[in-house]
Amino acid sequence: MRFSRMLLPTLKEPPSDAEVVSQRLMMRAGMIRKVAAGIYNLLPLGLKTIRKVEAIVRDEMDLAGAQEVLMPMVVPSELWKESGRWDEYGKELLRLVDRHGREFCLGPTHEEVITDLVRREVRSYRELPLNLYQIQTKFRDEIRPRFGLMRGREFIMKDAYSFHATDESAEDEYRNMHAAYSRIFERCGLDFKAVEAETGAIGGRFSHEFHVLADTGEDAIASCRSCDYAANVERAEIRPGEAPGGSSEGKPLERVNTPGKRSVEEVSAYLKVGPERLIKTLIYETDRGLIAALVRGDREINEMKLKRALECATLRLADEASVTASTGAPVGFAGPVNLKLPVYADFSVREVRNGVTGANEADAHLINVSPERDFRAVYVDIRNAADNDGCPRCNGVLEIKRGIEVGHIFKLGVKYSYSMGASFLDEAGKERPIIMGCYGIGIGRTAAAAIEQNHDAAGIIWPAPLAPFDCEIVPVNVNDAQTMRVSTEIYDALGKDCDVLIDDRDERAGVKFKDADLIGIPLRITVGERNLKQGQVELKERKGAGVSLVKVEDAVEAARGMLKRGA
RNA sequence: CGGGGCGUAGCGCAGCCUGGCAGCGCACCUGCUUUGGGAGCAGGGUGUCGGAGGUUCGAAUCCUCUCGCCCCGACCA
């Protein structure tokens, strides 16, 4: 491809509303342009990378035995009403009405459509298992779209759905997809991690997220330094710490005045006690009444874990009136001692001796509080995992990293097949709901994540498998006949088996080098009069600092060699 | 949905408070010089100042409404 003929509008400065690195660089590199909030044009360069991701995904899905289909983006409301999600899904579901007054939605995911398809076509266990996937545009009317392709409203997703006669078969496929996803992200050249994930409303043990590790990731991931345990912090379990032996050193309980000191920081500073000696008491309102949740002052409650521990359906922080009514004190002075509510304490609380809690009266706290001696609680794991917390699987410790969720695999069970009547006849002729799994990959997000993970101050550093071109040739001066002759020769020869971009613009060298660094093609071949005097051209890998000079006649072979080695 | 902010040339922004020729940098077009890391000089302005209404002799500037975008929070999973 000739740069001069390509719609490749690079920018020196990113638009002011671009926040994250991948979005800024994709804008600057002329890969994407915004059309509306969370909705983007993909320009030629951007589309090339998207196609590379798609090709890898398609290849591995096919190899794993899945079959590609394409479902409509516009879905009749009936299907969503059948599954119950027309009412459950909320405002993220963009609804439309056609000229006849019929209701539709733009598909944010396709369980309903695929289940409808399969229930019509599959009758017997002999036709199972089945794994169908598509690569298609989805629409979710996000409250706050942001971060470019990372969290758009319209986005390209690979979604696969599998159908099984037995649990064993569904679990086999889950493992099969787990392996396929690992191969996909490996082939993309990304540093990623599969982690145990929240199963959410659907429940069940089986859910993994695939995260590309990057400091800018939206999710926090806990992984063990010693074994292979890894989980989203939303879910990560923590090995309970040892309760300190003997409470003999416990000093007598005492009440102190703490006028206006409510937060952990304020109380800690006022009483000159480290936050790890404070016990934070939060009052929650659940469908089973008010409860108190305790966590050490330097830790955070994880509401999802709390919800699971309580086995309640709804959970939210109690309002001021409920707090005052139940504790006898304004918000900020609640404590577990003599509290007439069920008390659930994180394991971290058990380690506190001579701690500080609210006194359940305004402007007062209790000091020298010792769990067990001064209050009773049910001890549970309800805090967010942090660096150096104990691994739940071994004796190691956890570390927290940030990740971008690019894939999610899920065992669905019979949620959709049951509500929508997708069943089959088993060997005994008995009708049973089909067991399902679903497996998603964000295509655009994967491309964006690759940039978050691979860039420097000058621009993108594409992992070779996702690069829009394999190689970029930079003729330094297009008005020099020899430069152009050599460049064109290399371009033609290399172009036989590589995707090559030649920057044939009549621009100064500096401009071309800056753009080359920005768009991040893995290998750059610079052809200039200076080196041509020695019969040489320059090869440079985008990711490395060094350059190598090779003879003109060896350039194509040398380039092929570098590309093969994964330049 | 609550709070805050922004909207002026393709991009980044100033001007608004205190009403009086619509500006700056980059990009773009022409010419000359230059030519290995975002060149120099000279010339060129490409604009519905988001939109509508109002106040005023006069509105980018003040007022009202409205649309879009961004940030924080809430919501969602």
Side-chain angles (χ1 to χ4, degrees), chain A residues 7-20 23-24 27-30 33-40 43 85 87-94 108-109 111 138 140-148 151-153 157 197-204 207 209 218-219 232-235 303-304 307-308 314-317 319 405 408 410 412 415 438 440 442 456-459 472-480 483-484 487 503 505-519 524-534 536-540 542 545 547 549:
Chain A
L7 179 64
L8 183 34
T10 58
L11 302 171
K12 274 192 190 174
E13 291 181 87
S16 59
D17 59 4
E19 297 174 74
V20 294
Q23 184 185 13
R24 296 165 69 89
M27 291 291 294
R28 288 191 53 208
R33 287 292 183 262
K34 189 162 82 171
V35 176
I39 299 176
Y40 289 84
L43 276 54
R85 289 208 290 184
D87 297 316
E88 284 169 20
Y89 209 85
K91 285 193 268 190
E92 274 188 25
L93 188 66
L94 187 68
T109 172
E111 283 83 2
K138 305 277 189 224
R140 291 182 191 171
D141 200 359
E142 296 268 353
I143 295 170
R144 260 185 74 195
R146 50 185 151 174
F147 306 154
R151 184 180 281 278
R153 291 196 288 174
M157 179 166 154
E198 224 6 89
T199 47
I202 299 159
S207 180
E209 291 168 352
E218 286 192 89
D219 290 293
N232 194 308
V233 164
E234 286 177 349
R235 182 181 179 82
E303 293 186 1
M304 236 163 299
K307 200 168 160 183
R308 203 158 37 234
T314 66
L315 176 83
R316 63 155 192 258
L317 272 176
D319 56 35
E405 183 191 345
H408 199 162
F410 234 107
L412 282 178
K415 179 180 162 81
C438 75
D456 61 16
E472 175 172 348
I473 300 171
V474 179
V476 172
N477 177 6
V478 296
N479 298 312
D480 178 66
T483 297
M484 286 316 287
S487 299
D503 192 348
R505 295 175 301 168
D506 187 5
E507 285 285 356
R508 300 174 68 82
V511 173
K512 298 191 189 189
F513 290 145
K514 290 288 185 194
D515 274 345
D517 288 346
L518 175 60
I519 66 180
R524 188 181 86 197
I525 303 178
T526 306
V527 182
E529 291 158 88
R530 198 173 71 191
N531 290 319
L532 282 177
K533 282 184 190 134
Q534 278 78 48
Q536 292 176 318
V537 296
E538 176 189 296
L539 270 59
K540 180 179 182 304
R542 175 64 178 89
V547 298
L549 292 171

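In the text below, chain A, chain B and the rest are named by the order of the sequence lines, each starting its count at 1.
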Remember a base hit wins even if backbone is also touched, and classify Arg33(A) as base, sugar-phosphate or nothing at under 4.0 Å, heavy atoms.
nothing

If pairing means Watson-Crick or G-U wobble with both distances under 3.5 Å, then the partner of G7(B) is C67(B)

Quiz item: Any N or O donor-acceptor pair linking the side chain of Asn477(A) to the base of G36(B) at under 3.5 Å?
Solution: no

Under 4.0 Å, heavy atoms only, any strand: does Asn531(A) hit a base, just the sugar-phosphate, or nothing?
base

By the Watson-Crick or G-U definition, both distances under 3.5 Å, C62(B) is matched with G54(B)

| message | Between U61(B) and G54(B), how many Å separate the two P atoms, rounded to a whole number? | response | 14 Å

_P atoms of G19(B) and G58(B), separation to the nearest Å_ = 15 Å

Query raised in the report: Below 4.5 Å, heavy atoms only, C-beta onward: do Asp515(A) and Glu472(A) meet side chain to side chain?
Result: no

Side-chain heavy atoms of Val527(A) within contact of Leu532(A), under 4.5 Å
yes

By the Watson-Crick or G-U definition, both distances under 3.5 Å, C1(B) is matched with G73(B)

When rounded to whole Å, the CG to C1' distance for the pair Leu11(A) and C13(B) reads 15 Å

With sequence neighbours left out, the residues meeting ring pair (Phe, Tyr, Trp, His ring centres under 6.0 Å) with Phe147(A) are none

Using a heavy-atom cut-off of under 4.0 Å over every strand shown, decide if Asp480(A) touches base, sugar-phosphate, or nothing. nothing

How about Glu218(A) and Glu405(A): do any of their side-chain heavy atoms sit closer than 4.5 Å? no

* Below 4.5 Å, heavy atoms only, C-beta onward: do Arg153(A) and Arg140(A) meet side chain to side chain? -> no

Rounded to whole Å, NZ of Lys34(A) lies from P of G12(B) at a distance of 10 Å

Taken to the nearest 0.5 Å, the spacing of Thr483(A) OG1 from Glu529(A) CD works out to 4.5 Å

Taking C21(B) as the reference, what is the distance to C49(B) when you measure between their C1' atoms (whole Å, please)?
15 Å

May I ask you to say what Glu538(A) touches in the nucleic acid, namely base, sugar-phosphate or nothing, with a heavy-atom cut-off under 4.0 Å? base

* Please state whether the phosphate of C72(B), meaning OP1 or OP2, lies under 4.0 angstrom from any side-chain nitrogen or oxygen of Arg146(A). => yes

C1(B) and C13(B): how far apart are their C1' atoms, nearest whole angstrom? 33 Å

Anything under 3.5 Å between a protein N or O and an N or O of nucleotides 25-33 of chain B, put it in a table, one pair a line.
residue : atom : partner  : partner atom : Å
C26(B)  : O3'  : Lys12(A) : NZ           : 3.4

Applying side chain to side chain contact (heavy atoms under 4.5 Å, CB included), run through Arg542(A) and Asp456(A) and close with a yes or a no.
-> CA-CA 10 Å; Arg542(A) 175 64 178 89; Asp456(A) 61 16; 2.8 Å; yes

Legend entry - Distance between C1' atoms of A9(B) and C29(B) (Å, rounded): 15 Å

query: Between C13(B) and Ser16(A), is there an OP1 or OP2 to side-chain N/O distance shorter than 4.0 Å?
result: yes

Result for 5'-nearest mapping on RNA chain B, choosing between Thr526(A) and Glu92(A), is Thr526(A)

Taking the same atom, P, in A22(B) and in G40(B), what whole-Å distance lies between them? 30 Å

- Message: Measuring to OP1 and OP2 of A77(B), would you say a side-chain N or O of Lys91(A) lies under 4.0 angstrom away?
- Response: no

Just to be sure I understand the rule, does Pro14(A) reach a base, reach only the sugar-phosphate, or reach nothing, if contact means heavy atoms closer than 4.0 Å? sugar-phosphate

### Query
Can you tell if the side chain of Asp17(A) reaches within under 4.5 Å of the side chain of Lys34(A), non-hydrogen atoms only?
yes

Can you find a donor-acceptor pair, distance only, under 3.5 Å between Arg524(A) side chain and G36(B) base?
no

CZ (Phe410(A)) and CD (Glu209(A)) are apart, to the nearest 0.5 Å, by 8.5 Å

Atom CG of Asp87(A) and atom P of C76(B) are separated, to the nearest Å, by 16 Å

Quick check: any donor-acceptor pair below 3.5 Å linking the side-chain of Arg505(A) to the base of G38(B)? no

Using atom C1' in both nucleotides, what's the gap between G20(B) and A59(B) to the nearest angstrom? 10 Å

Re C13(B): Watson-Crick or G-U wobble partner, both distances kept under 3.5 Å, found to be G23(B)

Whole-Å distance, Glu529(A) CD to U34(B) P, equals 13 Å

Notebook entry, point to check: Do Val474(A) and Lys540(A) come close enough that some side-chain heavy atom pair is under 4.5 Å?
Noted result: no

To the nearest angstrom, the CG-P distance between Asp17(A) and G68(B) comes to 16 Å

C1' atoms of G68(B) and A52(B), separation to the nearest Å
15 Å

**Request:** Using only side-chain N and O atoms of Arg530(A), determine if any of them is under 4.0 Å from OP1 or OP2 of G36(B).
**Result:** no

If pairing means Watson-Crick or G-U wobble with both distances under 3.5 Å, then the partner of C32(B) is G40(B)

Rounded to whole Å, the CG-C1' distance (Leu532(A) to G36(B)) equals 12 Å

Residues His408(A) and Ser207(A): closest non-hydrogen pair is NE2-OG, 2.7 Å

Checking A39(B), G36(B), G12(B) against the side chain of Pro15(A) (C-beta onward), the nearest is G12(B)

Is the shortest side-chain heavy-atom distance between Val20(A) and Arg146(A) below 4.5 Å? no

note: Asn479(A), atom CG; U34(B), atom P; distance rounded to Å ~ 13 Å

Any N/O pairs under 3.5 Å between the protein and nucleotides 40-47 of chain B? List them or say none.
none

Between CG of Leu539(A) and P of G36(B) the distance, given in whole Å, is 20 Å

Ala37(A) has its side chain closest, among G38(B), C70(B), A39(B), to C70(B)

* To do: Compare all side-chain heavy atoms of Arg24(A) with those of Leu11(A) and state whether any distance is below 4.5 angstrom.
  => no

For G45(B), the nucleotide meeting Watson-Crick or G-U wobble distances (both under 3.5 Å) is none

